[in-house]
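Down below is the structure, laid out as structure tokens.
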Amino acid sequence: MSEKGNAIVLLGPPGSGKSSLSDKTDMSSKIAVLESGNLLRQEIERGSKLGRKIEAYMEKGKLVSSGLVIDVIGRAMRDIGEMTIVFDGFPRQKDQIIPFFAMITENKYRLSAVIILQIAKDIAIKRIMGRRICPNCGAVYNVYFDPPSKSGLCDRCGGRLIKRKDDTIETINNRWRIYEKQTNPIIDYFEENYPNTIHKISANKDIDQVADMVSSVVRDAM
Ligand code: AMP
């Protein structure tokens, strides 16, 4: 059988705007975004046994154990038809590389791009502290850079906006340290083994500009 589609990996430190991008990026109906952080949060919301295990890691700003992440992503991937998949935030540590390739190969996908967002830490911290999300529809806002039209309410569905539990200064610093320690080796791995797929994008700019650049790489990689 021929390939079902292309797999694109999107990586970036906390605050680089990854979770806003799926909203802003011009993702056609031929693209599915699998956002690991969001899928894990949905599992917590469901209140399942798996969700409770995940929560114990996430509320401390720790990476969730890879077995649990792979479970959740593998399940979400099975529900997707023939589309390009953007993996947002996965793989994020070294022991997820082999399962990632196993997953895409099994499902007949081919790695076509690795997008790496780069941002200065002080800008990232301001973005994270201002972030508000809609628990109803997943829309993301920022009280400094991208506020909703009515304070505290989602423009899209009217839901009451909340701060993510892990958006505190302690967990942000922790998540940065973890990104540098765990995710930088993944970037090195892709650079070494798949150099033609690498696209580094500066995320210091306005989120709409970043989204345009990401959209253009995604379109070219489809
Ligand atoms: P994010 O929404 O991408 O900032 O992710 C939020 C949190 O979800 C992270 O701090 C981790 O606790 C967890 N997480 C997301 N993706 C992964 C992954 N691939 N491996 C382990 N933990 C993850």
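Please read these numbers as outputs of a predicted model, since none were measured by experiment. Note that these values count all heavy atoms, side chains included, but never hydrogens, waters or copies made by symmetry. Read the numbers this way: they start at 1 and go in the same order the structure lists the ligands and their atoms.
- What sits closest to atom 19 (N) of ligand 1 on the protein, heavy atoms only, is G89 O, 2.9 Å.
- Salt bridge status for D188 with K94: absent, with no side-chain N to carboxylate O gap under 4.0 Å.
- The distance from ligand 1 to the heavy atoms of R41 drops below 4.0 Å at these ligand atoms: 2 (O), 6 (C).
- Panel note: side chain R52, backbone G47; a donor-acceptor pair is recorded below 3.5 Å.
- At a cut-off of 3.5 Å, with distance as the only test, no side-chain donor of N142 or R131 sits close to an acceptor on the other residue.
- Some N or O of S36 is nearer than 3.5 Å to an N or O of ligand 1, by distance alone.
- Looking only at heavy atoms of the protein, atom 20 (N) of ligand 1 is closest to Q96 NE2, 2.9 Å.
- Residue V64 places at least one N or O, backbone or side chain, under 3.5 Å from an N or O of ligand 1.
- At the shortest separation from atom 13 (C) of ligand 1 among protein heavy atoms lies L40 CD1, 3.7 Å.
- Taking distance alone, with nitrogen or oxygen atoms compared against 3.5 Å, K62 approaches ligand 1 more closely than that limit.
- Ranking protein heavy atoms by distance to atom 7 (C) of ligand 1, first place goes to M58 CE, 3.7 Å.
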Where do Y109 and F87 land on the ring pair (Phe, Tyr, Trp, His ring centres under 6.0 Å) test, with the steps shown first?
CA-CA 12 Å; Y109 281 81; F87 288 89; 7.6 Å; no
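- Contacts between E35 and ligand 1 below 4.0 angstrom, taking non-hydrogen atoms only, are absent altogether.
- Residues M129 and D167 share a closest heavy-atom pair of SD-O, 3.9 Å.
- When non-hydrogen atoms are compared, ligand 1 lies under 4.0 Å from the side chain of V69 (C-beta onward) but not from its backbone.
- Residue R175 has at least one heavy-atom neighbour below 4.0 Å for each of these atoms of ligand 1: 4 (O), 10 (O).
- There is a side-chain donor-acceptor pair under 3.5 Å between D155 and S149.
- Under the 4.5 Å side-chain criterion, counting only non-hydrogen atoms from C-beta, I70 is in contact with M103.
- Only the side chain of R164 comes within 4.0 Å of ligand 1, judged by heavy-atom distances.
- Nearest protein neighbour of atom 9 (C) of ligand 1, counting heavy atoms only, is R92 NH1, 3.7 Å.
- You'll find the side chain of K60 stays beyond 4.5 Å of the side chain of N174, heavy atoms only.
- The pair E43-R75 meets the salt-bridge criterion, since a charged nitrogen lies less than 4.0 angstrom from a carboxylate oxygen.
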